[in-house]
There are 2 protein chains.
Amino acid sequence: MEASDIYKCIADTQRLRILNLLEAGPLCVCHLQELLDVTQVKMSKQLAIMKQLGLLASHREGTWMVYTLEEPTDGLLLSNLNYLREAECAECNQLQRDLLNRGKLILRITGNGEDCPEGVCQSANCC
Amino acid sequence: MEASDIYKCIADTQRLRILNLLEAGPLCVCHLQELLDVTQVKMSKQLAIMKQLGLLASHREGTWMVYTLEEPTDGLLLSNLNYLREAECAECNQLQRDLLNRGKLILRITGNGEDCPEGVCQSANCC
DNA sequence: ACAGTATATACTAAAATAAGAATATAGGTA
DNA sequence: TACCTATATTCTTATTTTAGTATATACTGT
């Protein structure tokens, strides 16, 4: 994978946020949608772009599609996620907030017995 | 400066190569042109984009315009340059070759007494 | 088979980016 | 002043990327 493909990908804030979230664990499309507050179509397209690029993998669980980072995860991507999580900028703060919101989302799902794909809550020991 | 601005910038291989070269020392437009083998117009536009973004600074020396990285250089940019210089990919190899060619260019300028802007060869102790 | 939920795709319109030719500016020198 | 070199800008066209609407598919439960 070429560096410029990675950069083109993460130059889009939404895609960067998605990758940041998935690095913390798998999520299905509807949860990503909720966390980023975007339409279904847009989320689906962004995920397709990144899957096509080889950054994401997905598997079906019932009607859900669960997305994960492709393994082994591209080193350049990881290096940037690590950098940004520590850095100070509007987007960096957003990434940090997203991770907090992910935690809350998973707690909520656990708490009220909402249905969710297996992998998602396994990663937080909740389902 | 937002991360996505940096990424959008370095998603273009030419701009990435320019930044990589300038990180090693100042260069004037015509030398950059020669090293990357692009037209004058294109080089000038790329430089203008990056100056506008706040990544580059320039000063005039006679008819030459000498470009340098803006100080302090953006940390995200540096982090990526460092990563890519050690990594293995077509673009990464190009960055390494560019640095070698920069060395040769400066030697040539020195060797045959070609005129060049002060800063350029100072950075290689040649003028 | 039918309805409902989650997700993906196709098609179209709008917006942003890049590429090239021509032209302009700025400084140096005869 | 006139010419030369280096560089920047403008304008036009082509290409790529994004956004939205509508529609399709895949699975689940009745």
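Every heavy atom of this structure was used, including side-chain atoms; hydrogens, water molecules and symmetry mates were not. Lettering of chains follows the sequences in order, A, B, ..., and the numbering in each one begins at 1.
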*Asks:* Does any N or O in the side chain of E91(B) come within less than 3.5 Å of the main-chain N or O of A3(A), such that one atom is a donor and the other an acceptor?
*Replies:* yes
*Asks:* Could you list by number each residue of residues 2-18 of chain A showing a heavy-atom separation from DNA chain D of less than 4.0 Å, or answer none if no residue does?
*Replies:* K8(A), R15(A)
*Asks:* Mind calculating the distance between NZ (K51(B)) and P (dT7(D)) to the nearest angstrom?
*Replies:* 13 Å
*Asks:* Less than 4.0 Å between a side-chain N and a carboxylate O, is that true for E2(A) and K8(A)?
*Replies:* no
*Asks:* Any idea which of dA6(C), dA8(C), dA8(D) is nearest the Y67(B) side chain?
*Replies:* dA8(D)
*Asks:* Counting only side-chain heavy atoms from C-beta out, which of dA8(C), dA26(C), dA19(D) sits nearest to K42(A)?
*Replies:* dA19(D)
*Asks:* Among the candidates dA8(D), dT7(C), dG27(C), find the nucleotide nearest to the side-chain atoms of C28(A).
*Replies:* dT7(C)
*Asks:* What about Q40(A): does its side chain form a donor-acceptor pair under 3.5 Å with the base of dA6(C)?
*Replies:* no
*Asks:* Examine the side chains of Q94(B) and D98(B) and answer whether a donor and an acceptor come within less than 3.5 Å of each other.
*Replies:* yes
*Asks:* Go through the structure and list residues passing salt bridge (Lys or Arg N to Asp or Glu O under 4.0 Å) with E34(B), not counting sequence neighbours.
*Replies:* R108(B)
*Asks:* dT7(C), dT7(D), dT5(D): which one has an atom nearest the side-chain heavy atoms of T63(B)?
*Replies:* dT5(D)
*Asks:* Of I10(A), I6(A), T13(A), which is the lone residue that meets side chain to side chain contact (heavy atoms under 4.5 Å, CB included) with Y7(B)?
*Replies:* I10(A)
*Asks:* Using whole Å, what does the distance between atom C1' of nucleotide dT5(C) and atom CZ of R60(A) come to?
*Replies:* 11 Å
*Asks:* Starting at the 5' end of DNA chain C and moving along, which residue's nearest nucleotide shows up first, I49(B) or L47(A)?
*Replies:* L47(A)
*Asks:* Go nucleotide by nucleotide along DNA chain D from the 5' end; which of K45(B) and M65(B) gets its closest nucleotide reached first?
*Replies:* M65(B)
*Asks:* Can you tell me the distance, in whole Å, between the CD atom of E61(A) and the P atom of dA26(D)?
*Replies:* 18 Å
*Asks:* Starting at NE2 of H31(B) and ending at C1' of dA6(D), how long is that distance when rounded to a whole Å?
*Replies:* 11 Å
*Asks:* In whole Å, what is the span from the CE atom of M43(A) to the P atom of dT9(C)?
*Replies:* 15 Å
*Asks:* dA8(D) C1' sits how many Å from M50(B) CE, rounded?
*Replies:* 15 Å
*Asks:* Rounded to the nearest 0.5 Å, how far does CG of L22(B) lie from CG of L47(B)?
*Replies:* 7.5 Å
*Asks:* Please state how far atom CD in Q33(B) lies from atom C1' in dT5(D), giving the value in whole angstrom units.
*Replies:* 12 Å
*Asks:* Between atom CG in L32(B) and atom P in dA6(D), what is the gap in whole Å?
*Replies:* 14 Å
*Asks:* Taking only the side-chain heavy atoms of V41(B) (C-beta and beyond), determine which of dT7(D), dA22(C), dA8(C) contains the nearest atom.
*Replies:* dA22(C)
*Asks:* Could you tell me the separation between the CG atom of L55(B) and the CG atom of D5(B), rounded to the nearest 0.5 Å?
*Replies:* 8.5 Å
